Every structure is written in structure tokens, then in C-alpha cells.
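What follows is a set of notes on a single structure, which appears directly below.
Excluded from the calculations below are hydrogen atoms, water molecules and symmetry mates; all remaining heavy atoms, backbone and side chain alike, are included. Numbers for residues simply follow the sequence, beginning at 1. Everything numeric here is computed off the predicted structure, so don't read it as measured data. In each ligand, atom 1 is the first atom listed, and ligand 1 is the first ligand listed.
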Amino acid sequence: MERVTSHPASQGLFDRARQVSPGGVNSPVRAFRAVGGTPIFMRSGSGAWLTDVDGNRYVDLVGSWGPMLLGHAHPEVLAAVAEAVGRGTSFGTPSEPEVLLAEEIVGRTPVESVRLVSSGTEATMSAIRLARGFTGRDKIVKFAGCYHGHVDALLAEAGSGVVTLGLPETPGVPAHVTADTIVLPYNDRAAVEAAFEQYGDQIACLITEAAAGNMGVVPPEPGFNRFLAETCRKHGALFISDEVMTGFRVTRSGHWGLDGEPEGWRPDLLTFGKVMGGGFPAAAFGGRRDVMEQLAPVGPVYQAGTLSGNPIATTAGLTTLRLADTEAYARLDDASAQLQRLVAEALDAAGVTYALQSAGNMFSVFWGVDKPVTDFAGAQAQEAWRYRPFFHAMLDAGVYLPPSAYECWFVSAAHDSEALSRIAEALPAAARAAAQATPEN
Ligand SMILES: *Cc1c(COP(=O)(O)O)cnc(C)c1O
């Protein structure tokens, strides 16, 4: 088996990066704090594969943290982007690709009207402002372990890098900014009912990940999202489904396509990002027309962006979504199912206790737990230290996993049998390393 053990060029770049950037990274989830070692600097990607600056090749199971649905450097996406770049990179005026991308989103999801922004953080921040403006109320409800970007009011008990790094709360967020944020346990209907019982007439919105993917993958219990939407409606609050991670990934309509009740109910607002940018900074929020038309310039709620709807980003996103057809989703679902089977076989053979959880084609492993994880407390009860040696054994064998036990493993439609067999070869030794791990190593 091909081994990857030497990273002098990555080490050199990381040493330089730390001199000029905090921690040497531009997003904390890219650091190897939770697993130890030096972050790998990638130079190029193609399909399911990444090549680092030392020339080592890896099967990629991070997918840029979700966007790369079709794999890296898809030739048709590159061609469309090159063509768009040739016409100029930003105009600060409306342009055609924005309309086409908005039409594609409206055609695939329950939103009637959509505004494009540049990051998922911007999308959730704007959706919450809009919900507060629309309802004239201040309080918002979120779930512990859900991550909605680094919006001040939403960092309370957040997932993703916040949990990976074990940061209880973030200095710089004044207490009064989170004073109106009510944090509840995920999948807990009684807690939701109690909160709305007490504060119902003050709650502007409830925001949830359509399926939690930032504390590891914790799917909503059947009917939970619908219950949330109905509870919100009963109390005049808006229901915001954050599909930044799940959107256009788990089905062509996102998690909405799995909830599968398009006639019965729909979220008032949804947020998107990741896949819809095709690897460029593009995101969106949208939903009910009467709510969206409270936004400037039609309504009084201000929201804006110099690069919103950027022609290159929207071209990349549009091309990606157009290529993400039934056949692409079938390939992705199949690769994910095969991979989940391989992981389970290897962990079983090594005698590891684990819960492998999925929401559509997204999945993750919780280590050392013997019952399904349904909320943040359950996720945090895992033996995350077992992931450290597992991660490094996989990395040394040429498989690039998220450097955290609390992240989803992202498969793409380009994960073919060659990519899967590289992973299959790597898994048994990594599973044994997880079995033999101790909290100290
Ligand atoms: C990634 C993510 C965000 C934040 O998106 P950024 O583009 O990183 O700002 C928000 N919500 C969810 C569910 C996410 O997974």
C-alpha cells in the first residue's frame, strides 16, 4: 500500500503561515489541534483526490467541508468558470447568472424568493434579522450542537470548530447579544414546547440544521422538523431550516427532499451555502415571498453585499447544480452506502464500539458509544480520543478525513471504485489503532 509519511513542504508552509496568521490557518477547523500534527497544505484536486504540496495523494473525504458535490476540478465547472472569468469578475450590477441560479434554487426547493450572499454565516445572520424584522420580536431559538456559522447570537453552544476546540463560549460576544438566544437540546419536543409555552409571544424564529451535521451527524427524529414548523406557526414565529450543509447534497432539494411532505408544510425561510457555490463563496437565504419582501429595497429590513451574486461564483454554482442530476445523486448515495459498509466492517472486525449515523448520504462515526446519539450531550459523551490515531492511520495510508471527530464525512459523486478501494485498504489498520487507543495518546 502507498504510504504517506513525509510532509516537509507542508511543514515549511505551516511554519511560515504561523508567523503571519493566527494558528497558521484561516478557519480553525483546518488546524490539526484535535488530532495533533501539522495541517496538510493541498496544491490541487481532481475528482475524489487531493494532492498536497509534497506530492502525496489522498482520497478526499472533506470535500472542502461540503461544497465539492461533484468532486474537484470538474471539467465542465472549470470551463464555465473560465468562460465567465474572461468576461470580467464583478460588475456591481445585476447579471444573468444570478437570475439563473435563483431560478434553479426556487425550482428545486420550497423557497418562493431568494437573496444571494457570499457565505453561510451571512445567510443565517440575514435570515435572523429578517425574522426579527418581520415579526417585531427579539428572541430566537436554536439547538445545542447546531452550527449556523459564526453569527454572534448563534455561537451559543455551537457545533463545528467550537466543539472541536472545546470552547465553552467565545469572548467578544457580549452577554446581551446572546441574551435573546434560547438554546435547547436537539430532538427534544418537550423542551421546545416548554420554551414556546413560556416565551411564545416573544420568539421571532427557531433556527435548526435540517439535519444536524456539525456535532457529527445527528438526524432529526421522524417528524421533528414538521413539529418545529407547526409549533412556530402556532406561536407566530418563523421556522428557519438551515440547509447550508444538507442543501443540494442529500437530495436535489436538500433535506427538504428527505422530509418528503412537500404539500403538508414548509419552512418559512431556508438558508443555503456550500454546494450551491460550486467551490466559490456563494450562499443564499430565501422562503415565503411575503417575508422576503420585507427586505430592502422592497421592505425596510436592510441587507446588502458588494460581492453578492458574484458572476463567477454564481456561474460555478449554477453549473454544479445543473450537473447534479438524478444520476449524480444516485452515484453519490451509492458511494456513501458502500463507504459506510466498509467502515462498519472494519470497526466491527477490530472490536471498536461505535455509532455510525447518517442523514441521507452524510454520515459520521461516534466513537465508544453503544446507543444512537440524538443530541449534543450524547455527541460529547463519545470517546473522541479514539479518532486521533484512526485519523493519522488513514492519513498515512492516503485518506484525508476531517481533522475532528465531530464532523461529517463528505463523499462526492466522483468517489469511484478506485477511491473506495484505497479507503478499504486503509481502514483495517486504522480501526485497530482506534481499538487500541487510550485517552492519553
Ligand atoms: C457551514 C455551515 C454554516 C456556515 O457557512 P459558512 O459559509 O462557513 O459561513 C452555516 N450553517 C451550517 C449548517 C453549516 O454547515
Side-chain angles (χ1 to χ4, degrees), residues 25-31 62-69 109 115-129 131 140 142-165 170 181 186 205-220 225 228 239-250 254-256 258 267 269-287 303 305 307-310 313-314 316-317 320 359-364 376 379 402 404 406-410:
V25 293
N26 285 307
S27 189
V29 296
R30 298 176 196 168
V62 178
S64 189
W65 299 92
M68 309 319 296
L69 185 82
T109 70
R115 172 144 304 167
L116 303 181
V117 294
S118 300
S119 73
T121 296
E122 236 188 299
T124 59
M125 177 184 79
S126 304
I128 280 172
R129 181 184 309 142
I140 59 180
K142 80 173 286 279
F143 293 108
C146 281
Y147 179 70
H148 304 288
H150 61 99
V151 179
D152 280 353
L154 296 174
L155 276 176
E157 293 190 52
S160 189
V162 185
V163 51
T164 301
L165 297 173
T170 304
T181 306
Y186 193 58
C205 62
L206 178 151
I207 184 167
T208 183
E209 290 186 55
N214 282 292
M215 52 174 145
V217 174
V218 180
N225 286 336
L228 297 175
F239 175 56
I240 306 175
S241 182
D242 181 353
E243 292 235 31
V244 171
M245 183 182 283
T246 50
F248 316 112
R249 168 165 287 277
V250 296
H255 199 273
W256 175 249
L258 289 179
L269 292 172
L270 296 96
T271 53
F272 305 105
K274 299 198 166 105
V275 170
M276 64 157 282
F280 283 80
F285 64 105
Q303 191 283 330
L307 292 175
S308 292
N310 171 268
T314 48
T320 297
N361 53 41
M362 297 179 357
F363 72 96
S364 73
F376 195 35
S404 161
Y406 292 95
E407 302 283 357
C408 174
W409 301 19
F410 291 105

Per-atom contacts of ligand 1 with Glu209, taking only distances under 4.0 Å to non-hydrogen atoms:
13 (C)
Check the pair Gln303 / Arg115 against side chain to side chain donor-acceptor pair (under 3.5 Å), numbers first and verdict last.
CA-CA 9 Å; Gln303 191 283 330; Arg115 172 144 304 167; 3.3 Å; yes
Any nitrogen or oxygen of Thr124, side chain or backbone, less than 3.5 Å from one on ligand 1?
no
Rounded to the nearest 0.5 angstrom, the OH-CG distance for Tyr147 and Leu155 is 7.0 Å
Which ligand 1 atoms does Ser119 reach within 4.0 Å, using its non-hydrogen atoms?
7 (O), 9 (O)
When you measure from the side chain of Thr246 to the backbone of Ala211, do you find a donor-acceptor pair of N or O atoms at a distance under 3.5 Å?
no
At a 4.0 Å threshold, what atoms of ligand 1 neighbour a non-hydrogen atom of His148?
10 (C), 11 (N)
Can you check whether a protein heavy atom sits less than 4.0 angstrom from atom 15 (O) of ligand 1?
yes
Given that the side chain starts at C-beta and the backbone is N, CA, C, O, which of these parts of Thr246 lies under 4.0 Å from ligand 1, counting heavy atoms, or is it both or neither?
neither
Among protein heavy atoms, which sits nearest to atom 7 (O) of ligand 1, and what does the distance come to when rounded to 0.1 Å?
Gly120 N, 2.8 Å
So, does Lys142 use its side chain to make a donor-acceptor pair with the main chain of Glu157 at under 3.5 Å?
yes
Nearest-0.5 Å distance, CH2 of residue Trp65 to CE of residue Met245:
8.5 Å
Assign the ring pair Phe143 / Tyr186 to parallel, tilted or perpendicular, where the plane angle (0 to 90°) is split at 30° and 60°.
perpendicular
Any nitrogen or oxygen of Tyr147, side chain or backbone, less than 3.5 Å from one on ligand 1?
yes
Among Asp242, Val29, Thr271, closest by any non-hydrogen atom to atom 13 (C) of ligand 1
Asp242
Any N or O of Lys274 closer than 3.5 Å to N or O of ligand 1
yes
Do Arg249 and Asn361 touch side chain to side chain, with heavy atoms closer than 4.5 Å?
yes
Determine whether a donor-acceptor pair (N or O, by modelled atom type, separation under 3.5 Å) exists between the side chain of Thr124 and the backbone of His148.
yes
Using a strict 4.0 Å cut-off to heavy atoms of Gly149, name the atoms of ligand 1 that fall inside it.
3 (C), 4 (C), 10 (C)
List every atom of ligand 1 that sits less than 4.0 Å from any heavy atom of Thr121, numbering the atoms from 1 in the order shown and giving each element.
4 (C), 5 (O), 6 (P), 9 (O)
